[in-house]
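Here's the structure, in structure tokens; my notes come after.
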Protein chains: 2
Amino acid sequence: MIENEPATIGDLPTPALVIDRPTFNANRLAMDALLPEDRLRPHVKAFKATALAQLLADDGHRGFCCATPREVEGMVAAGLGEDLLLANESLDVARLGALADRANITVAVDSNATLDAAIAGRLRSVLIDVNVGLPRCGIDSADAGRLADRARKAGLEVRGVMGYEGHLMMVRDPKEKADRVSASMEMLLQASADVGGDIVSGGGTGTCLTNTWCTEIQAGSYTLMDTDYCKLGLPFELALNVVATVISVNMQGWITADAGIKSMAMDHGNPRWEHGDVFFLSDEHITLSPTNINDWEVGDRVRLQPAHVDPTIAKHQQMWLVDGDSVVDRWAVDLRHW
Amino acid sequence: MIENEPATIGDLPTPALVIDRPTFNANRLAMDALLPEDRLRPHVKAFKATALAQLLADDGHRGFCCATPREVEGMVAAGLGEDLLLANESLDVARLGALADRANITVAVDSNATLDAAIAGRLRSVLIDVNVGLPRCGIDSADAGRLADRARKAGLEVRGVMGYEGHLMMVRDPKEKADRVSASMEMLLQASADVGGDIVSGGGTGTCLTNTWCTEIQAGSYTLMDTDYCKLGLPFELALNVVATVISVNMQGWITADAGIKSMAMDHGNPRWEHGDVFFLSDEHITLSPTNINDWEVGDRVRLQPAHVDPTIAKHQQMWLVDGDSVVDRWAVDLRHW
């Protein structure tokens with residue numbers, strides 16, 4: 001319980017992002033058994049909260065991935081700048097070069113243009129980002145060595161390679177997944193041989209059981225999970241809920257609660273609800289069809305299970321930690337925006 | 001141009017919410033011709049910016065709709081509390097009753113429980129929210145008079161009724177739309193006869209040409225529009241873009257820019273892009289297939305047209321006003337969260 005703060009879930013202002021602390025802690029333990037210490041480079045994009053990142057650092061994961069310059073800045077401000085990787089191309093990196101005396105910051109580059117931005121921005125080290133099959137960023141593996149040479153000639157340290165097999169995260173069949181991740185990582189290892197450096201960084205929550213080729217895995221969603229990741233048979237369970245208040249009960253068979261599209265990401269589909277069907281969501285509302293309409297009245301709380309963790313959290317200013325019905329802590333979502 | 005601020009679109013930090021000011025002003029004029037002054041009660045949920053609301057108030061629209069208590073509080077703080085309607089049920093209304101000396105606040109109620117919250121919260125006036133066919137909030141029209149009597153007995157002013165025909169916003173056929181809105185509003189007018197009061201509030205951008213039954217229309221999205229509303233043949237044009245920076249060019253035929261699901265709402269589908277196809281979006285990225293890959297290089301800017309305005313704006317801290325390529329103003333999105 002926190003002084004002058006809501007004591008129970010029923011006291012929270014809604015919609016509220018609620019984290020089940022025992023489940024979150026179990027997810028941490030499960031990951032530590034799988035990928036201890038530097039084998040995991042947690043990705044803060046998933047949870048965007050330095051309070052959560054601090055716990056992972058305490059667990060021994062001292063290096064972190066960030067997706068935006070703002071995330072890097074926030075981690076430095078929180079004293080978590082021991083080894084930060086901007087695992088993403090950006091031209092807006094001079095603001096990170098300015099932090100070089102306070103933190104160790106490495107940025108991903110995949111072209112002359114992004115390398116030139118890193119040089120001009122006074123960054124000190126880079127990873128060569130290699131395309132491993134996802135149609136997004138990353139240099140062709142055959143060209144990675146050339147870019148690394150160019151970086152070293154400019155005086156930058158080239159720490160190694162990264163490659164994100166994001167297109168394989170949601171493959172469910174273990175054999176297919178293993179084969180495709182293997183082929184994907186073969187491209188990365190070829191690039192690594194040309195580039196040099198110690199680091200081969202890649203992977204994510206969806207491939208953390210499969211990807212044995214990388215020296216470090218870039219997972220973050222495992223901490224809190226969502227209904228989509230829960231389909232993959234991973235050793236992590238759902239710790240994330242959005243709690244809403246029932247504001248209207250219609251005896252034709254539906255109830256309406258005060259959490260909608262502005263508080264839950266919809267790109268992986270509707271959230272799940274344990275007590276009936278999700279009818280539809282609008283901006284500020286969710287309409288639910290309960291198994292038994294007579295069980296519900298205005299003022300009741302509903303717990304919704306989001307389908308996509310990262311963009312759901314990015315909609316909120318704070319998350320509430322709970323243990324059972326008790327509210328035990330509040331974390332700022334302090335790494336939002338750009 | 002604003003002193004010490006970005007001068008052109010190319011100078012903006014990205015992803016950036018960009019509003020074309022001439023188009024926005026044309027939308028204001030078109031709405032004023034259609035629904036002048038109190039015939040429109042602009043809904044701030046769409047744009048969540050008091051700077052924009054102030055311009056609509058200057059146009060003569062002095063009353064506003066809000067969707068959340070936070071929006072009401074923000075409008076009061078900005079001096080726009082002349083006639084605020086929380087067009088939504090809430091049990092968290094005592095915080096609004098506390099503002100009663102500084103603003104005129106009316107809340108929607110659709111049940112004994114929400115009315116009791118308004119009474120306990122020292123609100124002074126209510127609208128009876130009537131279900132007009134959308135499976136969400138609203139009392140059965142036959143029961144509206146009873147709830148109004150109960151409110152008056154408790155000393156509250158009952159200003160009238162509201163009913164939101166949200167299920168009809170996107171009906172495209174004009175004849176079908178007119179018939180269905182007519183049937184929907186018949187329910188509202190029956191309730192109005194029982195409830196009394198001057199106000200019959202309803203409608204939205206999607207029915208603002210059709211709904212001739214309400215005394216006031218609750219539209220907000222018309223100010224900025226989105227690709228979905230642009231399909232309806234309304235006299236408003238798209239003023240809203242998300243501007244992103246190209247961070248990677250792949251000669252296999254795609255480019256990647258730094259705006260994704262965290263900066264654009266996906267519940268109405270992908271954004272549109274004028275120079276080619278949208279391939280897919282991920283959390284921080286959009287992958288685009290340009291008509292001609294040779295036209296593009298790292299550092300170029302792309303303008304994306306979001307499919308759903310309200311939840312897109314809710315993801316951003318600020319919006320930039322532009323005229324041509326010049327940045328002419330910056331507005332805080334100061335009505336976010338709950």
Side-chain angles (χ1 to χ4, degrees), chain A residues 13-16 45-46 67-69 88-92 110-114 117 129 131 134-140 166 245 247-254 256 258 260-263 265-267 279-285 287 289 297-299 308 310-311 314-317 336-338, chain B residues 13-16 45-46 67-69 88-92 110-114 117 129 131 134-140 166 245 247-254 256 258 260-263 265-267 279-285 287 289 297-299 308 310-311 314-317 336-338:
Chain A
T14 55
K45 74 188 278 294
T68 65
N88 207 351
E89 281 63 35
S90 174
L91 299 178
D92 188 18
D110 73 349
S111 63
N112 288 349
T114 48
D129 184 11
N131 188 286
L134 174 70
R136 209 166 71 183
C137 299
I139 196 167
D140 187 282
T245 303
I247 55 169
S248 191
V249 173
N250 192 304
M251 295 312 290
Q252 291 178 68
W254 71 80
T256 305
D258 63 355
I261 292 162
K262 289 178 182 168
S263 57
M266 297 295 289
D267 57 293
F279 193 170
F280 72 103
L281 281 83
S282 34
D283 283 351
E284 290 86 8
H285 298 100
T287 301
S289 304
E297 57 186 40
V298 172
H308 194 181
D310 305 33
K315 293 170 185 275
H316 290 260
Q317 293 180 290
R336 302 167 75 199
H337 309 116
W338 306 282
Chain B
T14 55
K45 75 189 276 294
T68 65
N88 207 351
E89 280 63 35
S90 174
L91 299 178
D92 188 19
D110 73 349
S111 64
N112 288 349
T114 48
D129 184 11
N131 188 286
L134 174 70
R136 209 166 70 183
C137 299
I139 196 167
D140 187 283
T245 303
I247 55 169
S248 191
V249 174
N250 192 304
M251 295 312 290
Q252 290 178 67
W254 71 80
T256 304
D258 63 355
I261 292 162
K262 289 179 182 168
S263 57
M266 297 295 290
D267 57 293
F279 193 170
F280 72 103
L281 282 82
S282 34
D283 283 351
E284 290 87 8
H285 298 99
T287 301
S289 304
E297 57 186 40
V298 171
H308 194 181
D310 305 34
K315 292 170 185 276
H316 290 260
Q317 293 179 291
R336 301 167 75 200
H337 309 116
W338 305 281

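Each chain gets a letter, A, B and so on, in the order the sequences are listed, and its residues count up from 1.
Per-residue counts of heavy-atom pairs under 4.5 Å with chain B were compared for A/Glu297, A/Lys315, A/Glu284, A/Met266; the largest is that of A/Glu284. The residue among A/Ser111, A/Ala314, A/Cys137 with the most heavy atom pairs within less than 4.5 Å of chain B is A/Cys137. Comparing B/Glu89, B/Gln252, B/His308, B/His337 by how many heavy-atom pairs each has under 4.5 Å with chain A, the most go to B/His337. Each of A/Ser248, A/Ala113, A/Ser90, A/Gly166 has some count of heavy-atom pairs under 4.5 Å with chain B, and the biggest count is that of A/Ser248.
At distances below 3.5 Å, not a single donor-acceptor pair connects side-chain atoms of A/Lys45 with backbone N or O atoms of A/Thr68. The backbone N or O of B/His316 sits less than 3.5 Å from a side-chain atom of B/Arg336, completing a donor-acceptor pair. Judged purely by atom type and a 3.5 angstrom limit, B/Trp338 has no side-chain atom pairing as donor or acceptor with the backbone of B/Pro69.
A/Asn250 has its side chain out of reach of B/Pro135: every pair of non-hydrogen atoms, C-beta onward, lies at least 4.5 Å apart. Under the 4.5 Å side-chain criterion, counting only non-hydrogen atoms from C-beta, A/Asp140 is not in contact with B/Met251.
At a 4.5 Å heavy-atom cutoff, the contact between A/Asn131 and chain B is made by side-chain atoms alone. Interface remark: B/Asn88 contributes side-chain atoms only to the contact with chain A (heavy atom separation under 4.5 Å). Using a 4.5 Å cut-off between heavy atoms, A/Pro15 contacts chain B through both its backbone and its side chain. Interface remark: A/Asp258 contributes no atoms to any contact with chain B (heavy atom separation under 4.5 Å). In this structure, chain B has no heavy atom under 4.5 Å from any part of A/Asn112. For A/Thr14, the part lying under 4.5 angstrom from a heavy atom of chain B is the backbone only.
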Query - Test log, rule side-chain contact (heavy atoms from CB on, under 4.5 Å), inputs A/Leu281 and B/Asp267 - result: CA-CA 9 Å; A/Leu281 281 83; B/Asp267 57 293; over 6 Å; no
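B/Lys262 contributes atom NZ, which lies 4.5 Å from atom CG of B/Asp283 (distance to the nearest 0.5 angstrom).
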